[in-house]
Each structure stands twice: as C-alpha cells, then as structure tokens.
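Below is one structure, written out as structure tokens; the observations come after it.
Below, chains carry the letters A, B, ... as their sequence lines are ordered, and counting in each starts from 1.
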Number of protein chains: 4
Amino acid sequence: MTSISEPAQPTGDPAQPTPPTSDPAQPTADDPISPATGRPLTKRGLATRRRLLEAAEDVFAELGYHEASIVKVTEHAGVALGTFYLYFDSKQSIFEALVIDLNDRVRQSMSEAMAGATNRIEAERGGFEGFFRFTAKHPALYRVVREAEFVSPETMRLHYERIVEGYTAGLQAAQSAGDIDTTLDPEVAAWALMGLGELIGMRYILWERDASGTAPDRIAPHVLDAMMQFIGGALGGPHTRKGAE
Amino acid sequence: MTSISEPAQPTGDPAQPTPPTSDPAQPTADDPISPATGRPLTKRGLATRRRLLEAAEDVFAELGYHEASIVKVTEHAGVALGTFYLYFDSKQSIFEALVIDLNDRVRQSMSEAMAGATNRIEAERGGFEGFFRFTAKHPALYRVVREAEFVSPETMRLHYERIVEGYTAGLQAAQSAGDIDTTLDPEVAAWALMGLGELIGMRYILWERDASGTAPDRIAPHVLDAMMQFIGGALGGPHTRKGAE
Amino acid sequence: MTSISEPAQPTGDPAQPTPPTSDPAQPTADDPISPATGRPLTKRGLATRRRLLEAAEDVFAELGYHEASIVKVTEHAGVALGTFYLYFDSKQSIFEALVIDLNDRVRQSMSEAMAGATNRIEAERGGFEGFFRFTAKHPALYRVVREAEFVSPETMRLHYERIVEGYTAGLQAAQSAGDIDTTLDPEVAAWALMGLGELIGMRYILWERDASGTAPDRIAPHVLDAMMQFIGGALGGPHTRKGAE
Amino acid sequence: MTSISEPAQPTGDPAQPTPPTSDPAQPTADDPISPATGRPLTKRGLATRRRLLEAAEDVFAELGYHEASIVKVTEHAGVALGTFYLYFDSKQSIFEALVIDLNDRVRQSMSEAMAGATNRIEAERGGFEGFFRFTAKHPALYRVVREAEFVSPETMRLHYERIVEGYTAGLQAAQSAGDIDTTLDPEVAAWALMGLGELIGMRYILWERDASGTAPDRIAPHVLDAMMQFIGGALGGPHTRKGAE
DNA sequence: AATGAATGAGAATTCATTCAT
DNA sequence: GATGAATGAATTCTCATTCAT
C-alpha cells in the first residue's frame with residue numbers, strides 16, 4: 001500500500017525563524033506549475049497568476065512584505081482568497097516569484113538600454129538609465145529586495161548576483177577591448193557599481209518621489225552626469241577625464 | 001495609484017486604543033527618559049536600558065525585526081516582559097533607538113579610523129576600514145537598516161543622511177585642498193561612496209561570514225585594494241592612476 | 001554567539017496527517033508547566049489551566065474533537081483566546097492532557113469502587129459499577145477516546161493499556177488465589193473485559209441517555225446482572241454457575 | 001447542560017445555504033441513484049461509484065475522516081474532483097455509504113465463516129475468524145467506525161445494531177437448542193461479544209500490524225484460543241470447562 | 001458524464017501591549 | 001522599579017462545494 005499522505009509536507013510553517021531554502025522545482029517565470037495539481041497552468045490559470053503577481057507588486061511596494069497580507073493581495077487582484085493558493089504555496093513563495101520576475105524585467109530593461117553603445121562608458125550610462133527608469137516605474141524592486149534578507153536570503157542574493165554577473169562580463173569584455181583600466185578587479189568593480197546605482201536610485205528617485213508626491217519618471221540629468229563622471233573616473237581607460245590629460 | 005493601506009496607521013502599531021502617538025520628548029541616545037514616568041533614568045535604569053538595547057541588537061540581527069519579538073528581547077536581556085515598557089514605548093521605538101545608536105557608533109568608528117590620514121584617499125581607506133570593521137562586529141547594522149524602510153523610513157533616511165553628510169563635508173574640504181577632482185559633485189559622490197561601501201560590505205563581509213560560518217573580522221585586503229583603486233579613479237586628483245600622468 | 005531561535009520549532013504544523021509523538025517532557029496532570037515560559041505554574045495559573053481542561057471536557061464531549069474549536073473552549077472557560085496558549089501548545093495537546101486526566105480519574109473511580117470486595121467477581125462488579133458511574137457523569141471519556149485514534153494514537157493506546165494493566169494484575173492475583181480459572185490467559189481476558197465493558201457502557205448508558213434525553217446516573221441493574229453472569233462464566237472458578245454444578 | 005453548539009446544525013455540514021438536508025431516497029448499497037440526475041446509474045456510472053468507494057476506504061483508513069479530503073479521494077480514484085459530486089452528495093454521504101458497505105461485507109464474511117458449524121461455540125469461533133480476517137484486510141472498518149460517532153451517529157449505531165442483531169438471533173437459537181446457558185440475556189451477551197471482539201481485534205490485529213509494519217492476515221491462534229475459552233465459559237452449556245464436569 | 005478553477009467561511013496560532021500584583 | 005498573566009485583533013492557510021466549460 002502506498003502512502004496516501006504526502007512524503008514530507010512542504011506546507012508553510014508559521015513560526016519559522018529562517019525560511020527554508022526555496023524548492024528547486026519551484027515554478028519559474030516562464031513555466032509555472034500549479035502547486036495544487038502539480039501540472040502546468042492552463043491559459044486561464046496563467047492569466048490569474050499574472051494578476052496575482054501584479055497585485056503583489058503593488059501591495060508589497062506600498063506596504064512592504066510584512067504589512068502586506070494575502071487578503072490584500074487577492075482583493076487587489078480581484079480574486080478570492082482561496083484562489084491564491086492555487087497558484088502559490090505561501091506568501092513567501094509569491095514574494096520569491098515576484099523578485100525573480102522583477103529581476104528578469106530590470107535586466108531586460110538594462111540590456112535594451114545598453115544596446116547600441118559604442119564604448120563601455122556609453123554602455124554604463126545606458127544601463128543605469130534603464131535601471132533608473134525601471135526603478136521609477138516599479139518601486140517595488142527596491143523596497144521588496146531590501147526587505148528580502150529576512151524573508152528569503154537566497155532570493156535576495158540571486159537578485160544581486162544575476163545583475164553583478166552581467167556587469168562583470170561587460171567589464172571583462174571592455175578590458176579585453178582596452179576600453180577601460182585593465183588592472184581593475186572586474187568583480188569588485190561590479191559590486192561597487194551595483195551598490196552605487198542602488199543608493200543613487202534610492203536617493204534621487206524614490207526619495208524624490210516621496211518628497212514631491214509626483215513620481216519622476218527618470219533621474220535628474222545633472223545627477224546622472226555627476227554619477228557618470230564618477231564612474232568614468234573609476235573605470236579609467238581612454239575616455240577618462242579627457243580635459244585633464 | 002490609490003492607497004492600499006487603510007486610513008492613516010503609519011506603521012506596525014496593531015491595536016492602540018487610547019494614547020496618542022505623540023512622542024513625548026523623543027529620547028535621544030544620550031539623555032533617555034522613562035516613557036513610564038517621563039523622568040530621566042537613574043543609573044540602574046540606564047543599565048537596564050542598555051541591556052535591552054544590546055539584547056535588541058542581537059535578536060534583531062539574528063531574526064530580523066518582524067520575526068523578533070519583545071519576549072525574545074527581554075529574555076535575552078534577562079528582564080521580565082513588562083520591564084520593557086518602562087524603557088521603550090513600543091517595539092518600533094526600541095528599533096529606532098537601536099538604529100540611532102548603531103549610527104552613532106559606526107560614525108565614531110569611521111572617524112577614529114580616518115584620523116591621521118594625510119590625504120583624501122588615505123582618509124577614505126581609513127573610513128572604509130572603520131566601517132567594515134564595525135560591520136564585521138555588528139552585523140545588525142546592515143540587517144536592521146535594510147529592514148528599516150518599512151518600519152521607520154525617517155530613521156532609515158536619518159541613518160544614511162548622517163553618514164553622507166560626513167562624506168560630503170570631507171569631499172568638499174578635499175576639493176578645496178585640491179586633493180581631488182574639483183569638478184565632481186560632492187553630494188552625488190558621497191551617495192555613490194555610501195552605496196558602494198554598503199554592497200561591498202554586504203558581499204565580502206556578511207555573505208562571507210554566512211558562507212564560511214566563521215566571522216572574518218575585516219575585509220579581505222585584495223578587495224579593499226581593488227575597491228580603493230576604483231574609488232581613487234573616481235575621485236580623481238593627484239593620487240590617481242599615477243602611470244597615466 | 002548562541003542561537004536565539006529555538007532549536008527545532010515544536011510549534012504546530014497545519015498540514016500534518018499523522019500527529020507527532022507527544023513530547024516526553026509533556027506536562028503531567030500533577031506537575032504542569034507553562035509551555036510559554038517553561039516554568040511551573042503559579043496557583044493562579046493552575047486554576048486557569050483546570051478551567052480550560054474542564055471546558056475542554058464539556059466541549060469535546062458535545063462536539064467531538066474536530067467540530068470543537070479553541071475559541072469555543074476558551075469561551076466556555078471564560079478566558080481569552082490567547083490565554084489558551086499560555087497553558088497548552090495546541091489543540092492536540094489539551095486533548096492529550098484531557099485523555100490522561102480522564103484516564104486517571106476513571107481508574108481512581110474504579111479502584112475506589114472495587115475496595116472491600118472479597119472475591120474477584122465482587123471486585124469486577126464493583127469495578128464496572130465505578131466505570132459506568134464515571135461514564136454516566138463524564139461522557140467525554142467515551143466520545144473523546146474513540147476519536148483519539150486519528151488525533152493521538154499513542155494517547156489512545158495509553159488509555160487502554162493503563163486500564164488493561166490493572167485488570168491483568170487483578171486477574172493474575174485472583175488466579176494465584178485460586179479464585180478464578182487458572183488456565184485463562186489473563187492478558188487476553190483483560191482486553192476482553194475492557195471491550196465488553198466499553199460497548200455495554202456505550203449501548204446501555206450513552207445511547208440510553210441520548211434516547212431519553214435524561215441522563216441515567218448508573219446502568220440498569222438487570223443489565224449489570226446479565227453482564228456479571230456472562231463475566232462470571234467467562235472467568236470460571238468456584239463462584240461460577242453454582243446452581244448448574 | 002446547555003448546548004455548546006449553535007442552533008441546530010447536526011453534524012459536519014459547514015456552509016449549506018439553499019438546499020434542505022432531506023436525503024432524496026437515501027441511496028442504498030444495492031440500488032444507488034445519481035444525486036445529480038436523480039436517476040439510477042448506468043453500468044459505467046456504477047463502476048465509477050465503486051472506484052470512489054474503494055478510494056474512500058483507502059484514504060479514510062489511512063488518514064481518518066477529517067484529515068482525508070475529497071481531492072485525495074478523487075485523486076486516489078483517478079477521477080476529477082467534480083466527478084465526486086455526481087455520485088455523492090457530500091463528504092458525509094460517502095462516509096455513510098462506506099460504513100454501510102463495510103458492514104454488509106463484514107457480516108457476509110462472518111456468516112460465510114460460520115456456515116457448517118455444528119454447535120454455537122464452533123459457530124462463534126468461525127464468526128470471529130471471519131470478523132478478524134476481514135479486519136486484517138480492511139482496517140478501515142475499525143478506524144472509520146470509531147470516528148463515526150461524531151460524523152454520523154445514526155450510521156455508527158446501525159453498524160453495531162446490525163451485527164448485534166445477528167448475534168442475538170444466533171444466541172437465542174442456541175438457547176432453544178440447549179446449546180448454551182439458557183438463563184443468559186441474549187442481547188446483553190451479544191453486546192458483550194461485540195465489544196470483546198472489537199477490542200481484541202484492535203489490540204491483536206491492528207496494533208500488531210502497526211508495530212511490526214507487516215500486516216498479519218489473521219489473529220494469532222493462541223489469542224483466538226484464549227478468547228474462545230473466555231467466551232465458552234461465558235456462554236456456558238455442555239461445551240464449557242470440560243474438566244469441571 | 002466529466003472536468004477543474006474558483007470560492008469564502010472557518011480554523012489554529014502569534015504577539016504587542018496592558019495592568020493588577 | 002519589576003513582574004508576568006491575560007488579552008484579542010490579525011494572519012496564514014485549508015477544503016468542501018459550486019458551476020461554467
């Protein structure tokens with residue numbers, strides 16, 4: 001007789017200081033499966049799932065992970081509470097899906113904005129513009145990721161690492177091309193760029209938005225210029241501080 | 001965008017029937033008063049308050065703000081649950097006191113480590129060393145501050161602004177001294193440095209610690225070198241890229 | 001740094017087909033400890049705990065384990081919902097405590113009623129009278145124990161085994177005294193007596209009560225007589241079927 | 001005693017807005033009708049119904065009534081969730097059908113095993129063998145019936161009464177034949193036998209199975225012997241305690 | 001006949017805060 | 001000053017049942 005009960009109940013556990021590592025069979029953004037049936041979603045299911053993710057983005061961005069509740073998400077999405085659990089295992093699980101989703105999209109936004117650059121500095125400027133534009137439109141990215149440390153550390157790391165990976169590859173290519181200082185450690189530089197962009201975005205987009213009430217859809221040009229001057233110096237190479245040479 | 005949250009209800013204050021939220025003479029780190037009596041604390045009281053703050057640092061650092069509970073803090077501090085409310089108004093209030101306290105101490109640690117520097121780059125290196133040393137010893141700084149956004153946004157801003165203020169002043173002085181690129185916007189540069197230091201510290205101290213299980217008490221020298229090379233280039237001035245001159 | 005979070009969270013797990021084995025350090029009826037603080041209860045605490053147990057007996061007896069809810073128990077006990085968790089870990093845990101408690105008391109009631117018997121048959125009659133009287137007063141015993149199989153199998157077994165243990169010892173003593181058939185297997189006989197008493201009690205006390213609406217406080221004499229005739233024959237020995245010899 | 005439960009709400013029927021609880025021509029085991037169409041089932045429908053009942057037996061036996069869910073039953077049966085409601089009104093209704101079904105089959109198993117007995121004691125031994133063999137193969141019988149008290153009390157009573165009826169008739173016949181003690185109350189004796197068999201089966205088949213992991217397909221002979229010795233004495237008559245004659 | 005997405009009432013449990021001792 | 005029992009609002013998650021396809 002095979003056991004009827006599930007092998008090792010993966011269901012949520014109320015009082016769990018450190019959240020469990022995300023299931024490796026976790027639905028990805030591209031090929032989500034129903035946690036209820038374990039089967040791929042129908043078209044109708046995919047639409048409902050997307051509405052939930054969008055609602056989660058709004059609600060998490062406004063209230064943060066902890067103040068947000070599943071009821072609020074489902075109300076915002078216009079579905080019943082129970083419907084949530086047809087698409088996500090738990091509050092944490094939609095959180096993780098959301099971070100992955102935002103990460104996919106911000107990287108998309110960045111690479112689109114970098115296309116056509118003829119040197120690394122132009123590429124950087126484009127990348128940051130893409131990043132900031134996305135930030136302006138999707139404040140959830142910041143707010144949610146910065147909370148992620150205690151909600152799902154692996155997901156937070158994944159988010160940063162994916163972006164840094166792209167940066168590192170770009171910097172290495174630029175070094176090979178002699179486009180930037182070849183003695184720079186590309187990985188450390190990538191983390192530096194990531195952090196620098198994060199705080200500049202926070203300070204000059206999110207806080208600006210909160211202060212004025214109106215949402216700037218991009219960063220103030222003089223800030224971007226100053227920032228690029230900083231980065232240009234940091235990366236070195238032929239484009240640097242031309243006037244000073 | 002319509003507000004998702006109900007009426008006003010600023011942050012995490014579940015059921016607060018009678019007393020208004022006014023902060024009666026906001027206790028500072030230096031001159032704390034009892035929220036119960038409204039009078040300055042006795043010497044014994046000060047000691048209990050400090051034990052609670054230290055316990056909060058440990059507990060918040062390990063569990064995060066939300067997973068932490070007042071009971072855990074008081075148990076860790078070795079006092080009774082009710083005692084907590086003789087010293088702090090609420091969970092949020094000890095959180096804010098803790099952030100302020102950590103902020104005071106990290107800036108102290110930074111300025112001590114900068115003393116004696118003969119130029120801006122040396123000063124920066126010292127400052128970051130102080131910052132990273134503090135980070136290694138007090139991981140709560142990161143974990144708590146990054147959660148602060150939804151717990152007490154003003155406190156989070158205060159934390160960053162205080163540090164950036166110091167940076168900005170230092171950079172302006174260095175510009176006056178001709179020590180660094182005088183065309184750089186000192187405020188934007190200060191935010192860049194802050195962000196850069198934050199992510200490098202997170203990546204190369206906290207994550208390293210988590211991965212190895214053992215806590216490095218400082219950042220790996222080659223990372224600091226690489227980072228300083230990046231910063232040196234960014235700030236420009238006589239010390240930069242000597243070979244290029 | 002010692003870990004702040006508990007070693008292995010013993011807290012309830014929603015979807016758990018087979019309940020976990022009861023904690024060996026489980027509070028006993030005599031020396032209960034608070035699951036919240038882990039310390040022995042104060043006098044006030046003991047009183048509250050007893051009120052909860054009594055309420056649980058009433059509510060479980062009327063509604064059964066599953067239909068009963070903790071809110072109903074606490075309402076019946078006149079305490080707030082949260083108070084429950086100062087005394088019991090979970091619904092299952094008060095259930096187990098209740099079964100143990102009822103078991104202690106039914107055995108007490110049985111041995112009191114057996115005292116003074118001069119032979120085994122008299123002792124059996126007394127024991128069953130005690131058992132049925134307790135049953136009439138505490139219908140929870142039946143209803144709850146029969147449900148226990150899926151709630152806490154160990155507790156159900158413990159209940160039966162404790163009673164059977166007493167029976168077995170009594171039968172063995174009676175065999176040594178030549179009071180009953182010495183070739184009888186005392187353990188099998190003990191289980192037989194247990195089962196026989198259970199169904200007779202169910203049929204002639206509980207169902208009678210339900211049918212008439214009024215609660216008989218004891219079993220009908222002719223049923224007890226018939227039952228004792230059956231048992232007398234089963235146990236054999238000098239008292240058996242005297243007229244037939 | 002005041003009622004704890006709200007108004008009427010007989011048993012486990014959570015939210016039932018419109019349709020009255022009347023059972024439209026209570027489907028029997030032999031002549032089931034569709035609760036959807038109200039018409040007798042086709043051959044295909046009968047097969048699906050049987051698969052659902054078999055699945056219910058497995059699932060209820062392993063998890064118990066409350067822990068079991070309709071989804072699990074339908075998954076086990078290999079049909080879609082909605083299909084369930086084409087054959088049964090509710091969870092309670094398949095439960096009742098299952099108990100009736102098991103009752104039919106266990107009585108069948110008992111009377112087959114009694115056929116050919118030449119006296120009452122032989123008949124009893126046969127009957128119990130049939131009962132225990134069925135128990136070993138269909139543990140659901142015990143587990144489900146013992147839970148039935150709070151799910152469907154009438155069904156539980158029906159189950160016991162049907163078996164006891166058979167016993168009573170058999171005992172009366174044996175008394176007329178002078179085969180057993182004629183002064184015994186046959187109904188009380190029948191309930192005694194029923195209870196005795198129930199607990200012996202539970203202890204020596206079900207618990208043995210749980211302890212060893214392997215399922216004994218019958219009761220240990222020495223236990224059956226001891227039990228029959230007990231019963232033989234109880235029923236009295238010519239076959240009893242030969243040595244004493 | 002069969003399907004399975006959607007529903008929403010209900011349950012257990014947590015924890016910041018109060019207040020009588 | 002200190003204590004810790006009591007409170008109850010709020011949260012996450014489950015699952016029997018419905019109904020459009």
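- Rounding to whole angstrom units, CD1 of residue D:Ile70 and P of F:dC15 are separated by 11 Å.
- Between C:Leu81 and B:Leu81, the residue anchored closer to the 5' end of DNA chain F is B:Leu81, taking for each the nucleotide with the nearest heavy atom.
- Taking every side-chain heavy atom of B:Arg44 into account, F:dG1 is the closest of F:dT11, E:dA12, F:dG1.
- Side chain of A:Ala80, nearest nucleotide from E:dG8, F:dA2, F:dT12: E:dG8.
- Across all their heavy atoms, B:Leu52 and B:Ile94 have their closest contact at O-CD1, 3.9 Å.
- The distance from atom CG of C:Leu86 to atom C1' of E:dT14 is 11 Å, rounded to the nearest whole Å.
- Distance, C:Glu75 CD to E:dA11 C1': 14 Å, rounded to whole Å.
- With sequence neighbours left out, the side-chain contact (heavy atoms from CB on, under 4.5 Å) criterion links A:Ala61 to A:Ala140.
- Nucleotide F:dC15 holds its P atom 7 Å from the CD atom of D:Glu67, rounded to whole Å.
- Panel note: side chain D:Lys91, backbone D:Ala68; a donor-acceptor pair is recorded below 3.5 Å.
- For the atom pair D:Phe150 CZ and D:His66 NE2, the distance stands at 9.5 Å (nearest 0.5 Å).
- Annotation: of the two residues near DNA chain E, C:Ala68 and D:Val79, the 5′-most nearest-nucleotide partner is D:Val79.
- Out of F:dT11, E:dG4, F:dT7, the shortest distance to the side chain of A:Lys72 is found at F:dT11.
- Residue whose closest nucleotide on DNA chain F sits further toward the 5' end, between A:Gly82 and C:Gly82: C:Gly82.
- Between the NE2 atom of A:His76 and the CG atom of A:Asp58 there is a distance of 3.5 Å, given to the nearest 0.5 Å.
- Using a 4.0 Å heavy-atom criterion, one finds that B:Thr83 contacts the bases of the nucleic acid, with or without backbone contacts as well.
- Per the geometry, NE2 belonging to A:His66 stands 18 Å off P belonging to F:dA10, to the nearest Å.
- The separation between C:Tyr85 atom OH and E:dT13 atom C1' is 5 Å, rounded to whole Å.
- One finds no side-chain N or O of C:Thr48 lying less than 4.0 angstrom from the OP1 or OP2 phosphate oxygen of F:dA5.
- When the nearest nucleotides of DNA chain E are assigned to A:Gly78 and B:Val71 by heavy-atom distance, the more 5′-ward of the two goes with A:Gly78.
- Secondary structure note: stems in DNA chain E built from 3 or more consecutive Watson-Crick or G-U wobble pairs under 3.5 Å occupy E:2-21 with F:2-21.
- The one candidate from C:Leu86, C:Thr74, C:Val73 that meets the side-chain contact (heavy atoms from CB on, under 4.5 Å) condition with C:Val79 is C:Thr74.
- For the ring-ring contact (aromatic ring centres under 6.0 Å, His included) test, residues two or more places apart in sequence or in another chain that qualify with B:Phe95 are B:Tyr65.
- In this structure, the OH atom of D:Tyr87 is 18 Å from the C1' atom of F:dT17, given to the nearest Å.
- Between the P atom of F:dT14 and the CG atom of D:Leu63 lies a distance of 15 Å, rounded to the nearest Å.
- A distance of about 13 Å separates the C1' atoms of E:dA1 and F:dT21, rounded to the whole Å.
- The nearest pair of heavy atoms linking D:Asp89 to D:Ser93 is N-OG, 3.4 Å.
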